[in-house]
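Report on the structure given below.
Keep in mind that the numbers below use all heavy atoms, side chains included, and drop hydrogens, waters and symmetry copies. Quick caveat: nothing in here was measured; it's all calculated off a predicted structure.
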Amino acid sequence: MATGYSRKILSIADDDISEITAHAYGVRVTAPKEYRPGMIIDIGGQDSKIIYLDSQYSIKNFTKIFTKPLSRTTPITSSLGNI
């Protein structure tokens, strides 16, 4: 199984799915039965995603935000702005 931006070019994978689908599946198979998360937040190096799930862990909606990569010399606090 291949996921992510390069999933279509990885020839050794049997199949490919989006990162968003992979996150939802991961929650479905690992979350305890009494805990039903309704949201997944994925903060990555190239983008960040907020994924909204229904009670069966199916994807209801998602938001993708592309982030500016930090340089090695940029202090993390300067990239946060006025939060």
From OG (S55) to NZ (K60), nearest 0.5 Å: 8.5 Å
Interatomic distance, I20 atom CD1 to N61 atom CG [nearest 0.5 angstrom]: 9.5 Å
Sequence-distant partners of D54, side-chain hydrogen bond (donor to acceptor under 3.5 Å, both in side chains), two or more places apart: none
Taking distance alone, no hydrogens or angles, what donor-acceptor pairs closer than 3.5 Å link side-chain atoms of residues 23-31 to residues at least two apart or in another chain?
from, atom 1, to, atom 2, distance (Å)
H23, NE2, D42, OD2, 3.0
R28, NH2, Y57, O, 3.3
T30, OG1, G26, O, 2.6

From CA spacing to verdict: side chain to side chain contact (heavy atoms under 4.5 Å, CB included), T63, K49: CA-CA 6 Å; T63 302; K49 299 170 208 66; over 6 Å; no
4.5 Å side-chain heavy-atom contact, D47 and I65: no
I40 CD1 to E19 CD distance, which is reported to the nearest 0.5 Å: 11.5 Å
Side chain to side chain contact (heavy atoms under 4.5 Å, CB included) evaluation trace for T3 with D16: CA-CA 6 Å; T3 66; D16 63 87; over 6 Å; no
Euclidean distance, F62 CZ relative to I51 CD1, rounded to 0.5 Å: 8.5 Å
4.5 Å side-chain heavy-atom contact, Y52 and M39: yes
For S48, all residues meeting side-chain hydrogen bond (donor to acceptor under 3.5 Å, both in side chains), sequence neighbours excluded: none
